[in-house]
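Here's the structure we're looking at; comments come further down.
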Amino acid sequence: METEEKKIYTIEDIARELGVSKTTVSRAISGKGRISQATRDRVRAFIKEHDYRPNVVAKGLAQRKTYNIALLMPKDYVATEFLFFKDCMNGICEMASSYEYDIIISMIDGADVSQIQRLEANRKVDGIIVSRAVVSSKVQKYLKNCKEPYILIGPSSDPEVPFVDNKNQEAGKELTSIMLMKGFRNLALLGGNQSYNVTGSRYQGFLEAHEEMGVSVNENLIFMDTDNQAAVSDAVKRLLEEGADGIVCMDDVICSMCLSSLREKKISVPAEIKIASMYDSKNLEYNNPPITSIRFDTVRLGKMACAKLLNILGEKPLEDTLTLNYQVMLRESTQ
DNA sequence: TCAAACTCGGTGCACCGGAG
DNA sequence: CTCCGGTGCACCGAGTTTGA
């Protein structure tokens, strides 16, 4: 069977077919400038009928835009972050594509800025989204001097740098408060990589809850950088020796490793020790007992980061309705 | 050999003619 | 004169073609 190749229309073809100028067609599509409703309808009907799609490269050429956004990811991200990135990316891509933007992912190796340099030199992107784990000060300093705007996912200490972030500190505080209100007085904290801001924020929340409730923190029960099984097992061993009555894990992967370590030691949850986590991801979905956890909407976080950047790029009015929050999922592990 | 002109598809601005 | 609805053309950037 002979396959008939579909004609790809240009704005000029439409103008010719409809007996108007290219500018008129462009206006009918963009909605900018003065044009009669009748002409606009005619153009739109033609576009619909012939499935016309504007050439984004040409559009970019005329507007000096690329319609690309860079997403900077850390090259050395650990397993605990995978689900975060996945959800975040879903949100970013969804928001970007609704404005005809595409995402270019660039893996950043420590303080090496060569990837960003290349994107900038080749004018590949209009803006940059920096995932929270790219924290090297050299990278941040470089970005500040970049001509492309950027937004940070995660806390920003610099008031000039736009950012979006989950309410990590508040969530850490609330989760800890819940444990303290249940009467636990010897809480352990298993934290992630200390070079990440999120770890610091959640730790601050943990401390604040103690302070507010007038409970002193047992320094021997604070474990950081427990992002691998060996470190978690060691922490679990020590927190049991120290007589901890509850464990707050900074994320689900840490919690999952912690549960595995407790099982190995035949310590039962929640009968012998309570445990709570943050992030409420698939990692713990089928755990028995169900784990009390903070649920963040990371897809929304990604969407919001992208929306804010699009706003800076002049593409999108900023919606106040796009706010971030979290839910506390109270389950059997803390009962 | 090499500078100038042209190419792609779309945008933005200056401007035009007709109507009120 | 002003407003409306439209036109014409320069321009965007980089590669290719033309022609002196």
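Computed over heavy atoms, backbone and side chain alike; hydrogens, waters and symmetry mates excluded. Naming: A, B, ... by sequence-line order, numbering from 1 per chain.
dC9(C) atom P lies 16 Å from atom CZ of R27(A), rounded to whole Å. In this entry the distance linking NZ of K22(A) with C1' of dT7(B) reads 12 Å, nearest Å. Rounded to whole angstrom, the span from the CD atom of Q37(A) across to the P atom of dG5(C) amounts to 10 Å. In this entry the distance linking CD1 of I11(A) with P of dT7(B) reads 19 Å, nearest Å. If you take CD1 of I8(A) and P of dC8(B), they are 15 Å apart, rounded to a whole angstrom. Rounded to an integer number of Å, the gap from K32(A) NZ to dC4(C) P is 20 Å. Whole-Å rounding puts the Y67(A) OH to dG9(B) C1' distance at 13 Å. In this structure, CD1 of I35(A) is placed 14 Å from P of dG12(B), rounded to the nearest angstrom.
Distances were taken from every side-chain heavy atom of R34(A) (C-beta onward) to each of dG6(C), dC13(B), dG9(B); the shortest belongs to dG6(C). Checking dC12(C), dC13(B), dG10(B) against every side-chain atom of T10(A), the shortest atom distance belongs to dG10(B). Of the candidate nucleotides dG6(C), dA14(C), dC12(C), dC12(C) has the atom nearest to the side chain of L61(A). When distances are taken from the side chain of T24(A) to each of dG10(B), dC9(C), dG6(C), the shortest belongs to dG6(C). Closest to the side chain of A62(A), from the set dT11(B), dG13(C), dA14(B), is dT11(B).
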ring-ring contact (aromatic ring centres under 6.0 Å, His included) between Y52(A) and Y9(A), worked out: CA-CA 6 Å; Y52(A) 163 79; Y9(A) 281 86; 7.7 Å; no
task: Could you give me the CA-CA distance, side-chain angles and deciding distance for K237(A) and E241(A), then say whether salt bridge (charged side-chain N to carboxylate O under 4.0 Å, His left out) is met?
output: CA-CA 6 Å; K237(A) 180 172 168 273; E241(A) 286 166 4; 3.7 Å; yes
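Tracing side-chain contacts under 4.5 Å through hydrophobic residues (I, L, V, M, F, W, Y), one reaches L207(A) starting from L187(A); they form part of the same cluster.
For a distance-only test at 3.5 Å, the side chain of R64(A) fails to qualify as a donor-acceptor partner of the base of dG13(C). Contact annotation: side chain of S30(A) to base of dG10(B), donor-acceptor pair absent below 3.5 Å. Interface remark: the T23(A) side chain does form a donor-acceptor pair with the dG8(C) base, using a distance-only criterion of under 3.5 Å. Taking only distance into account, the side chain of K59(A) never meets the base of dG9(B) through a donor-acceptor pair shorter than 3.5 Å.
Using cut-offs of 30° and 60° on the angle between ring planes, the pair F206(A) and Y203(A) is parallel.
N218(A) and N186(A) are linked by a side-chain donor-acceptor pair at a separation below 3.5 angstrom, with hydrogens and angles left out of the test.
Applying the 4.0 Å criterion to OP1 and OP2 of dG12(B), one finds that Q63(A) has a side-chain N or O inside that range. Between S26(A) and dG12(B) there is no side-chain N or O to OP1 or OP2 distance below 4.0 Å.
Near-neighbour residues of DNA chain B inside residues 43-56 of chain A, defined by a heavy atom below 4.0 Å, number-ordered: Y52(A), P54(A), N55(A).
Of the charged side-chain nitrogens involved, none lies within less than 4.0 Å of a carboxylate oxygen, so that K167(A) and E174(A) do not count as a salt-bridged pair. The residues K274(A) and E332(A) are annotated as not salt-bridged, no charged nitrogen and carboxylate oxygen being separated by less than 4.0 angstrom.
In this structure, V20(A) reaches the sugar-phosphate backbone alone: every heavy-atom distance under 4.0 Å involves primed, P, OP1 or OP2 atoms, never a base.
The bend of the helix from dT1(B)-dA20(C) to dG20(B)-dC1(C), defined by the angle between the axes of its first five and last five pairs, stands at 70° to the nearest 10°.
At a threshold of 4.5 Å between non-hydrogen side-chain atoms, the residues I291(A) and C255(A) count as touching. Residues M73(A) and S106(A) fail the side-chain proximity criterion, which asks for heavy atoms closer than 4.5 Å. Side-chain contact between R295(A) and Y326(A): absent, with no pair of heavy atoms (C-beta onward) separated by less than 4.5 Å.
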